[in-house]
Amino acid sequence: MSEITYIRGDATTPSVKGVKVIAHVCNDIGGWGKGFVLALSRRWPEPEKEFRAWHRGRAGNDFGLGSVQFVQVEPFVWVANMVGQRGIRTGSKGVPVRYEAIDAALEKLAAKATELGASVHMPRIGCGLAGGKWSRVEPLVRERLVGKGIAVTVYDHGEGRS
């Protein structure tokens with residue numbers, strides 16, 4: 001079974017051949033403006049535009065925890081907006097990350113990556129502003145993606161991350 005490849009770099013610029021899906025975690029309140037999404041928005045306007053429209057139309061679509069929106073940004077590059085955090089603040093119910101939602105979203109990501117014959121590229125999803133622990137997310141990535149033969153690269157940007 002293949003492993004997760006860890007590299008230092010920018011997940012918005014994967015340098016492998018073939019179709020690529022850049023996956024990241026979004027919140028369930030329609031907010032877009034901090035963390036990894038800023039890097040996405042600097043490269044392409046479509047993921048933010050589509051995410052905001054998806055959230056606005058949530059009464060009539062599948063927007064919610066565990067859902068994924070796939071946005072094609074280049075002929076061989078897609079962005080997966082995965083709804084995996086409840087709100088944006090740590091409060092009485094703990095950190096915003098929702099591991100069960102990330103798990104459900106990764107299952108949908110696996111199906112799309114398989115359909116496209118794509119590799120998956122991501123920061124340490126759910127572990128930045130969402131407050132999650134990679135020790136909880138990594139096994140989900142292994143089971144849902146790596147276990148299905150999907151090549152996964154995790155990018156650490158800048159200085160060391162926990």
Could you grab the distance from atom [atom1] of [X] to atom [atom2] of [Y], nearest 0.5 Å is fine?
{"X": "F51", "Y": "L40", "atom1": "CZ", "atom2": "CG", "result": "11.5 Å"}
{"X": "S15", "Y": "D10", "atom1": "OG", "atom2": "CG", "result": "10.5 Å"}
{"X": "T12", "Y": "R42", "atom1": "OG1", "atom2": "CZ", "result": "8.0 Å"}
{"X": "N27", "Y": "H55", "atom1": "CG", "atom2": "NE2", "result": "7.5 Å"}

Should we say atom CZ of F76 is surrounded by more than 12 heavy atoms from elsewhere, each under 6.0 Å from it? no
Exceeds 12 heavy-atom contacts within 6.0 angstrom, atom CZ of R52: yes
Which pair of heavy atoms, one from [X] and one from [Y], lies closest together, and at what distance?
{"X": "G84", "Y": "A101", "result": "CA-CB, 4.0 Å"}
{"X": "A80", "Y": "L109", "result": "CB-CD1, 4.1 Å"}
{"X": "C26", "Y": "H24", "result": "SG-CE1, 3.3 Å"}
{"X": "M82", "Y": "A105", "result": "CB-CB, 3.8 Å"}
{"X": "P14", "Y": "I22", "result": "CD-CD1, 4.1 Å"}
{"X": "C127", "Y": "V137", "result": "SG-CG2, 4.1 Å"}

Do [X] and [Y] make a side-chain contact, defined as non-hydrogen atoms from C-beta onward lying under 4.5 Å apart?
{"X": "V152", "Y": "T5", "result": "no"}
{"X": "W44", "Y": "V77", "result": "yes"}
{"X": "V154", "Y": "I125", "result": "no"}
{"X": "V120", "Y": "K20", "result": "no"}
{"X": "L129", "Y": "I88", "result": "no"}
{"X": "H121", "Y": "V21", "result": "no"}
{"X": "Q85", "Y": "D28", "result": "no"}
{"X": "N81", "Y": "V68", "result": "no"}

Same cluster (ILVMFWY, side-chain, under 4.5 Å), [X] and [Y]:
{"X": "L65", "Y": "Y99", "answer": "no"}
{"X": "Y6", "Y": "L140", "answer": "yes"}
{"X": "I102", "Y": "W32", "answer": "no"}
{"X": "F63", "Y": "V79", "answer": "yes"}

Using a strict 4.0 Å threshold on nitrogen-to-oxygen distance, state whether [X] and [Y] make a salt bridge.
{"X": "E3", "Y": "R142", "value": "yes"}
{"X": "K49", "Y": "E46", "value": "no"}
{"X": "E107", "Y": "K112", "value": "no"}
{"X": "D156", "Y": "R8", "value": "no"}

Just by distance, do the side chain of [X] and the backbone of [Y] share a donor-acceptor pair under 3.5 Å?
{"X": "E48", "Y": "E50", "result": "no"}
{"X": "N61", "Y": "G57", "result": "yes"}
{"X": "S41", "Y": "L38", "result": "no"}
{"X": "E100", "Y": "D103", "result": "no"}

Do F36 and Y155 have ring centres separated by under 6.0 Å? no
Ring centroid separation W78 to F70 under 6.0 Å: no
Evaluation steps, side-chain contact (heavy atoms from CB on, under 4.5 Å), between V141 and M122: CA-CA 10 Å; V141 172; M122 62 178 68; 4.2 Å; yes
Apply salt bridge (Lys or Arg N to Asp or Glu O under 4.0 Å) to the pair R43 and E74, showing each step before the final yes or no. CA-CA 11 Å; R43 279 188 62 84; E74 290 180 14; 3.5 Å; yes
